[in-house]
Amino acid sequence: MAAHISTVGHQNALYDATTTNEKLHSIKDLPKSNNFTTNLPPDQNFTTPASSHAAERRELGPRLVKGALYTYVRPDPPSKYEVLAVSPAALQTLSIDPSSVESQDFQDTVSGNKILTWDEAEASESNMLPEEQQRREQIYPWAQCYGGYQFGQWAGQLGDGRAISLFEATNPNSNVRYEVQLKGAGKTPYSRFADGKAVLRSSIREFVVSESLHALGIPSTRALALTFTPEDKALRERIEPGAIVTRFAQSWLRFGTFDLIRTRGDRPLLRKLATYVAEDVFGGWENLPGALKEGDMAETAVDPACGVAASTLQGENEHEENRFVRLYREIARRNAKTVACWQAYAFTNGVLNTDNTSIFGLSVDFGPFAFLDNFDPSYTPNHDDHMLRYSYRNQPSIIWWNLVRLGEALGELIGAGARCDDEEFVNEGVSKTWSAELIKRAETLIEKTGEEFRAVFLAEYKRLMTARLGLKQCKDTDFDNLYSELLDTLEALELDFNHTFRKLSNMNMSEIESEEQRKEVAGRFFHSEGLGATVGASEAEARTRIAKWLEQWRNRVIEDWSEGKDAERQEAMKKVNPKFIPRSWILDELIERVEKKGEREILQGVMKMALNPFKEEWGWNKEEEDRFCGDVPHIKRAMQCSCSS
Ligand code: AMP
Ligand code: MG
């Protein structure tokens with residue numbers, strides 16, 4: 001049973017937190033585990049927490065780490081810190097008691113001052129059983145080792161250069177386990193030439209957007225807390241103050257983790273990692289798609305309402321689709337759904353390198369991301385992306401490009417078919433006489449997964465667009481007549497993407513009955529200054545085009561809802577069409593006010609909006625709320641960021 005309460009403590013006083021009757025915990029009492037570090041190989045230089053803990057901090061600096069998936073490494077405590085914000089939604093996901101965020105344990109954990117699971121003083125004072133103490137001492141922070149293709153080129157070893165995972169924590173109510181991590185808490189063996197820090201500017205952006213994406217229903221890594229470290233300066237384009245984001249995800253594994261092992265030719269480790277992902281991250285091989293009964297495939301791959309042709313993966317045994325193919329398909333399906341959400345809400349990641357593409361299918365690593373303002377498919381938020389590789393329009397094909405790299409890494413396991421566990425293959429690899437057949441099978445299965453990726457992407461995209469347009473079902477003709485024509489119109493007339501959907505959500509059918517009315521109403525979609533000077537249409541032409549679209553839309557709405565159902569349809573539409581989106585201009589203003597002007601309340605206000613994006617009002621500050629939901633100021637549209645964060 002959900003109830004609305006106001007949380008306690010100055011951090012959260014402005015939030016509406018939804019809570020349940022389920023038991024809440026302190027961060028310290030949450031059940032902890034270390035499945036990642038127990039199941040996967042550590043850096044051979046520091047094979048135990050104790051050996052890393054005893055090492056000088058500088059010994060844990062940048063180097064190549066082979067045959068390992070992580071290094072035990074502790075955060076660097078900042079000289080001074082201030083917890084600027086805590087996400088109430090994140091507290092709820094983790095089942096942390098909001099009143100416990102003021103506790104020293106919480107504050108010390110999110111600032112990198114204390115390793116909760118390794119608190120020696122406390123362990124010696126308490127009556128902890130030796131076995132329990134020993135078990136806890138194995139849970140020690142670590143940084144992951146991975147590689148990646150950056151802008152299409154192999155970049156070698158990358159890894160968590162400024163992220164340190166603290167522990168896995170399981171919410172005892174939901175039984176979901178998360179890896180809790182600090183970003184910006186110091187160098188690791190994977191920092192390469194950089195400083196291990198994150199600046200306040202990019203930390204504010206990540207904190208807000210990851211929680212905002214989650215609130216919009218888009219799979220994302222999450223943010224628990226934002227901690228300002230004013231004395232830890234970092235040099236970017238200017239000298240900037242640092243910060244730490246406490247973030248969490250069910251898995252932080254990236255495609256780049258597999259890429260690195262593949263380029264190093266470490267076959268046993270590749271199999272081990274694939275097995276870990278299936279068994280531990282996805283909860284067992286039986287949860288993967290191929291385990292479904294014959295016939296289920298088509299239904300789950302394809303939304304029946306949209307009638308997209310079924311994927312051709314039926315008859316799977318014909319290709320000896322072994323368990324590794326099913327793992328690959330699961331990863332492909334998850335990413336297909338996530339990129340469909342990005343397209344439907346016009347979110348652009350900006351740096352979709354394979355090290356920033358999640359095995360779990362989450363939006364991950366927020367650098368120069370942005371939501372589109374005006375609909376412009378060639379927009380990239382990344383100032384350095386001259387080839388537009390990571391533009392809005394390219395995202396689905398880039399995710400597929402990344403999936404093909406993953407397919408190559410898994411290729412041998414996929415291609416081995418029914419013989420994937422044969423001793424000779426496991427120990428010695430692919431014999432010459434077998435390789436042509438194995439390669440052919442791997443290619444065929446990767447190609448087929450590509451078809452499935454497309455089908456899942458399209459079905460999810462159509463499902464979301466159908467809902468965003470207030471329709472109950474997606475007819476064949478809708479794609480051309482409604483979706484494409486709307487997008488073409490928005491692009492041609494330089495109109496705002498997300499605002500358009502919210503405006504449609506507020507519209508009554510009686511307002512767009514006649515051509516005259518529709519032409520009048522069309523003006524609502526214009527920016528406050530009217531049509532832009534670069535638009536190649538007169539105002540009259542623009543009104544005619546929008547009116548024509550509104551007529552088609554009205555017919556389809558009435559077909560699905562019958563007449564007189566405005567209220568119900570509007571309610572349904574407002575649940576999927578956000579009023580608030582953290583646009584670049586809003587984040588810029590937020591950063592300016594928090595960093596330069598020392599404001600704090602603004603952060604709570606914006607978070608309140610980001611966590612409840614579909615609301616009409618937030619009871620925070622009417623004037624600010626209206627401004628942040630209103631027309632994007634002309635010179636602040638389609639801003640770009642550099643990669644430096
Ligand atoms: P990104 O483009 O942010 O995904 O980063 C690419 C790689 O560079 C990752 O391995 C990051 O951990 C690393 N990296 C980025 N910024 C820093 C930094 N300030 N200190 C250490 N490593 C960093
Ligand atoms: Mg990254």
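We count residues from 1, following the sequence as given. First listed ligand is number 1; within each ligand, the first listed atom is number 1.
- Ion pair Glu168/Lys32 not flagged as a salt bridge, since none of the NZ, NE, NH1 or NH2 atoms sits closer than 4.0 Å to an Asp/Glu carboxylate oxygen.
- Within the 4.0 Å heavy-atom cutoff, Gly159 counts among the residues contacting ligand 1.
- Among the atoms of Asp365, an N, O or S atom falls under 2.8 Å from the Mg ion (ligand 2).
- Residue Gln150 places a heavy atom under 4.0 Å from ligand 1.
- A salt bridge does not link Asp195 to Lys233: none of the charged nitrogens lies less than 4.0 Å from a carboxylate oxygen.
- Checked for salt-bridge contact, Glu82 and Arg600 meet the test: a charged N lies under 4.0 Å from a carboxylate O.
- Close contacts of ligand 1 with Asn356, meaning ligand atoms under 4.0 Å from a residue heavy atom, involve 4 (O).
- Ion pair Arg57/Asp76 flagged as a salt bridge, since at least one NZ, NE, NH1 or NH2 atom sits closer than 4.0 Å to an Asp/Glu carboxylate oxygen.
- Looking at ligand 1, you won't find any N or O of Val351 less than 3.5 Å from one of its N or O atoms.
- At under 3.5 Å, a nitrogen or oxygen of Gly161, whether backbone or side chain, sits near a nitrogen or oxygen of ligand 1.
- Residue Arg236 places a heavy atom less than 4.0 Å from ligand 1.
- Comment: Glu595 does not engage Arg201 in a salt bridge, judged by the lack of any side-chain N to carboxylate O separation of less than 4.0 angstrom.
- Some N or O of Arg192 is nearer than 3.5 Å to an N or O of ligand 1, by distance alone.
- Around atom 18 (C) of ligand 1, the closest heavy atom drawn from Ala194, Gly350, Gly148 belongs to Ala194.
- Within the 4.0 Å heavy-atom criterion, the part of Asp365 lying near ligand 1 is the side chain and not the backbone.
- Only the backbone of Lys197 comes within contact range of ligand 1, with a heavy atom under 4.0 Å; no side-chain atom does.
- Between Phe360 and Phe282, the ring planes are parallel. Angles under 30° get that label, and only those over 60° would be called perpendicular.
- Taking a cutoff of 4.0 Å between a charged side-chain nitrogen and a carboxylate oxygen, Asp105 and Lys114 qualify as a salt bridge.
- Listed by atom number, the atoms of ligand 1 under 4.0 Å from Asp195 heavy atoms are 18 (C), 19 (N), 20 (N).
- Note on Glu330 versus Arg333: no salt bridge recorded, every NZ/NE/NH1/NH2 to OD/OE distance being 4.0 Å or above.
- For the Mg ion (ligand 2), the N/O/S atoms of Asn353 include none lying under 2.8 Å.
- Checking Asp355, Leu158, Val364 against atom 5 (O) of ligand 1, the nearest heavy atom belongs to Asp355.
- Ion pairing of Arg63 with Asp43 is present here, as a side-chain N (NZ or NE/NH1/NH2) and a carboxylate O approach within less than 4.0 Å.
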